[in-house]
Number of protein chains: 2
Amino acid sequence: MITASEENYLKSVFKLSEKDKSVSTNDLAQSLGTTPASVSDMVKKLSEKKLLAHQPYKGVKLTQAGKKIALDIVRKHRLWEVFLTQTLEMKWDSVHEIAEQLEHIQSQDLIRKLDAFLGYPRFDPHGDPIPDENGKIEERKTILLGEAKKGAVLLLAGVLTDNSDFLQYLDQQQVRIGSRLTVLEILPFDKSVSLSTGKKQITFSALVCQQLLMMEEV
Amino acid sequence: MITASEENYLKSVFKLSEKDKSVSTNDLAQSLGTTPASVSDMVKKLSEKKLLAHQPYKGVKLTQAGKKIALDIVRKHRLWEVFLTQTLEMKWDSVHEIAEQLEHIQSQDLIRKLDAFLGYPRFDPHGDPIPDENGKIEERKTILLGEAKKGAVLLLAGVLTDNSDFLQYLDQQQVRIGSRLTVLEILPFDKSVSLSTGKKQITFSALVCQQLLMMEEV
DNA sequence: AAAATAATTTAGGTTTGCCAAAATTATGAT
DNA sequence: ATCATAATTTTGGCAAACCTAAATTATTTT
């Protein structure tokens, strides 16, 4: 059996993994809101279970088995987020916390039926792709808004954080997934960006722009 | 904070409580699938938290605070069961286990919105009443099928067990919540009961009859 | 290359919830 | 009323998941 805590560790490793790089103990502790010592403990356990490959002092990677579990948790999390926003009409800034709990509910059948009920959604309310039952994730060509050039016209494809304040701020600015944004100006001084939403003009700080995933119009 | 385990204990005490009677350690252990020693441990903790009133060697009762929590868990459990059967179209014999997990999800807002989405149902798929937000439970005059007299015409109001085999058996017999049953004969020998469902004739053992909650036609 | 600093692991300890075995208390039979 | 049995509690111990502080290893600076 795999516990909720173990699932959270695997999910964090997955999220922190870039390319073929190892994930450090410290980063994991940060991401999980725990201490490096606790991470060492759990990493040892998950390595023994062959869900993580651990090189002492060098970091961890997911094994095939570990990745499968991580993707399953991510899938469940994102499907529940769709349910909460679409079916129960909750706001996108409040669903993450609840999905953190729901993702640990154990029932294949439940998730299959939920998926069907929701109409097999491919993206969650934050624009993140939902892995299918085999762990396959839809790829899209995206760039950060911070990397866009002046004059570019792009659609908001996703946000890189679930931070509630951040999402509420976007709501306030009437910016949501799918919004069409035109880059009017990039301030050389602080890299903040002036944009047109069609209706009005807004400015995003460089920090905000690092959280916004953009794509070309279809 | 209250843990899932604590919630389960309170729920079990609630379910085993009859009138003003105390619930015994042994019965609790049985109901929770654990040992009397473990129950003693947890009873001590919940008594210290003022959720249970414990008289050593005499049993426990719920306090007001404990009852409130228990009713809240029952409410969540039954609302989720409605969701699983009605929205996701799962069978009534498979929802109990999943609802056992879902009942521990923490979010007032979620449950309120779920309740609204489901149309404020008053009974779950097994015919059990769903407490409202204040813990109020709808009362109905019901009797066990085992207590019905020959000639009685009654509606199936509920079942007293979530046992999957039992529910599948009822399904097979085409007996469900709301079914109208006429008592044709009661065998003196073993108290088994012959019934007419309108379409066909069936016989239920005394044990089965002790699990079926019946009410007068409205 | 050695020293200083940073990252990681280990050691030792806590809490929660569980259990088996032993001790205690209540209950039913004679 | 006493004894036997059943129910309950206590004792001592285990595993999971966490923590702080100390020890170890890696990395960076000088």
Side-chain angles (χ1 to χ4, degrees), chain A residues 1-14 16-18 21-62 66 69-70 73 100-101 103-106, chain B residues 1-18 20-62 66 69-70 73 100-101 103-106:
Chain A
M1 252 305 289
I2 187 152
T3 67
S5 187
E6 290 173 338
E7 288 182 343
N8 283 334
Y9 274 84
L10 295 175
K11 189 181 56 161
S12 277
V13 174
F14 176 76
L16 295 176
S17 291
E18 287 176 13
K21 284 230 204 96
S22 284
V23 176
S24 78
T25 301
N26 247 6
D27 288 354
L28 266 175
Q30 176 94 42
S31 158
L32 288 158
T34 182
T35 63
S38 303
V39 172
S40 269
D41 278 358
M42 185 62 99
V43 159
K44 186 181 290 174
K45 187 160 57 127
L46 291 173
S47 297
E48 278 159 12
K49 288 192 179 188
K50 310 278 186 203
L51 300 174
L52 289 181
H54 183 214
Q55 287 199 293
Y57 294 98
K58 295 287 187 174
V60 293
K61 290 179 192 176
L62 288 167
I69 294 172
I73 300 301
E100 289 280 326
Q101 300 178 59
E103 70 191 5
H104 301 296
I105 301 293
Q106 306 271 5
Chain B
M1 251 305 288
I2 186 151
T3 67
S5 187
E6 290 173 338
E7 288 182 343
N8 283 334
Y9 273 85
L10 295 175
K11 188 180 56 162
S12 277
V13 175
F14 176 76
K15 286 194 173 177
L16 295 175
S17 291
E18 288 176 10
D20 211 36
K21 284 228 204 97
S22 284
V23 176
S24 78
T25 301
N26 246 6
D27 288 354
L28 266 175
Q30 176 94 42
S31 159
L32 288 158
T34 182
T35 63
S38 303
V39 173
S40 269
D41 277 358
M42 184 62 100
V43 159
K44 186 181 291 175
K45 185 158 61 122
L46 291 174
S47 296
E48 278 159 11
K49 288 193 178 189
K50 309 282 186 199
L51 300 174
L52 288 181
H54 184 216
Q55 287 199 293
Y57 293 98
K58 295 287 186 173
V60 293
K61 289 180 192 175
L62 288 167
I69 294 171
I73 301 301
E100 289 279 327
Q101 299 178 60
E103 71 191 6
H104 301 295
I105 302 292
Q106 307 271 7

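Below, chains carry the letters A, B, ... as their sequence lines are ordered, and counting in each starts from 1. Quick caveat, the model's predicted, so the values are computed rather than measured. The analysis underlying the following values was restricted to heavy atoms, covering all of them including side chains, and did not include hydrogens, waters or symmetry mates.
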Roughly how many Å is it from [atom1] in [X] to [atom2] in [N], rounded to a whole number?
X	N	atom1	atom2	result
A:Y57	D:dT24	OH	P	9 Å
B:Q55	D:dT8	CD	P	13 Å
B:L28	D:dT9	CG	P	10 Å
A:L52	C:dT9	CG	C1'	16 Å
B:M1	C:dT15	CE	P	18 Å
A:L32	D:dC18	CG	C1'	12 Å
B:E48	D:dT9	CD	P	14 Å
B:Q30	D:dT8	CD	P	12 Å

What pairs with B:Q101 under side chain to side chain contact (heavy atoms under 4.5 Å, CB included), at least two apart in sequence or on another chain?
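Per chain and number, B:Q101 pairs via side chain to side chain contact (heavy atoms under 4.5 Å, CB included) with A:I105, A:Q106.
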A:S40: which residues meet the side chain to side chain contact (heavy atoms under 4.5 Å, CB included) condition with it, sequence neighbours left out?
A:T25
Could you say whether B:P56 or A:T3 is positioned toward the 5' end of DNA chain D, judged by the nucleotide with the nearest heavy atom to each?
B:P56
D:dA7 OP1/OP2 closer than 4.0 Å to side-chain N/O of B:K58
no
Phosphate OP1/OP2 of D:dT8: any B:H54 side-chain N/O under 4.0 Å
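The answer is no; no side-chain N or O of B:H54 sits under 4.0 Å from OP1 or OP2.
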Which pairs pass salt bridge (charged side-chain N to carboxylate O under 4.0 Å, His left out) with one or both residues in residues 20-44 of chain B, sequence neighbours excluded?
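Checked against salt bridge (charged side-chain N to carboxylate O under 4.0 Å, His left out) - neighbours excluded - the pairs reaching residues 20-44 of chain B are B:D20-B:K61.
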Hey, is CD on B:Q30 packed in by over 12 heavy atoms from elsewhere, all under 6.0 Å?
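No, because the 6.0 Å sphere around CD of B:Q30 holds 12 heavy atoms or fewer from other groups.
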Set out, line by line, the N/O atom pairs under 3.5 Å between protein and nucleotides 18-20 of chain C.
{"from": "C:dC18", "atom 1": "OP2", "to": "B:Y9", "atom 2": "OH", "distance (Å)": "3.4"}
{"from": "C:dC18", "atom 1": "N4", "to": "B:D41", "atom 2": "OD2", "distance (Å)": "2.9"}
{"from": "C:dC19", "atom 1": "OP2", "to": "B:T34", "atom 2": "OG1", "distance (Å)": "2.2"}
{"from": "C:dC19", "atom 1": "OP2", "to": "B:T35", "atom 2": "N", "distance (Å)": "3.3"}
{"from": "C:dC19", "atom 1": "OP2", "to": "B:T35", "atom 2": "OG1", "distance (Å)": "3.4"}
{"from": "C:dC19", "atom 1": "OP2", "to": "B:S38", "atom 2": "OG", "distance (Å)": "2.7"}
{"from": "C:dC19", "atom 1": "N4", "to": "B:D41", "atom 2": "OD2", "distance (Å)": "3.3"}

Looking for any heavy atom pair under 4.0 Å, which part of the strands does B:S40 touch: base, sugar-phosphate only, or nothing?
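Counting heavy atoms under 4.0 Å across all strands, the contact made by B:S40 includes a base.
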Those residues that, when tested against B:H104, pass side-chain hydrogen bond (donor to acceptor under 3.5 Å, both in side chains) (two or more places apart):
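For B:H104, the residues satisfying side-chain hydrogen bond (donor to acceptor under 3.5 Å, both in side chains) (neighbours in sequence not counted) are B:E7, B:N8.
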According to side-chain hydrogen bond (donor to acceptor under 3.5 Å, both in side chains), who are the partners of A:K58, at least two apart in sequence or on a separate chain?
none
Which nucleotide in the set C:dA7, C:dT10, D:dT27 lies at the smallest distance from any side-chain heavy atom of A:N26?
C:dA7
Return the minimal non-hydrogen interatomic distance between A:M1 and A:K49, and the atom names on each side.
O-NZ, 3.2 Å
